[in-house]
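Okay, structure first, notes after.
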Amino acid sequence: MTERFVGLAQATHERARMPDAPMVVLPPSEETEYSNPERMAAIVDEALVRFADTMVAPAQPPEKLKARA
């Protein structure tokens, strides 16, 4: 969502009994404010992928086990 919808999102979260639910606020731009639903869905999908890439570190390969005598 963009900044102008934060209040609505907070009210929706409170009504759903999830007042602390996370939300992503996208910077306002012509595209995020006025795009058609299909373009908005693509923007949201891209934001979600970028968020996951930022927040989730890739798993390290397992360390090879060595027999010790």
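Hydrogens, waters and symmetry mates are skipped; everything else that's a heavy atom, side chains included, is used.
Applying the salt bridge (charged side-chain N to carboxylate O under 4.0 Å, His left out) test to pairs two or more places apart or on separate chains, those with a residue in residues 50-65 are E46-R50. Among residues at least two apart or in separate chains, there is no salt bridge (charged side-chain N to carboxylate O under 4.0 Å, His left out) pair with a member in residues 7-19.
Distance check, rounded to the nearest 0.5 Å: CD of E33 to CZ of F5 gives 6.5 Å. Here the straight-line distance linking atom CD1 of I43 with atom CD of E38 works out to 11.5 Å at 0.5 Å rounding.
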Name each donor-acceptor pair under 3.5 Å that joins a side chain in residues 22-30 to protein atoms two or more places apart or in another chain, with its distance.
{"unit_1": "S29", "atom_1": "OG", "unit_2": "E31", "atom_2": "N", "d": "3.3"}
{"unit_1": "S29", "atom_1": "OG", "unit_2": "T32", "atom_2": "N", "d": "3.1"}
{"unit_1": "S29", "atom_1": "OG", "unit_2": "T32", "atom_2": "OG1", "d": "3.2"}

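In this view, M18 and A16, A21 satisfy the side-chain contact (heavy atoms from CB on, under 4.5 Å) rule, not counting sequence neighbours.
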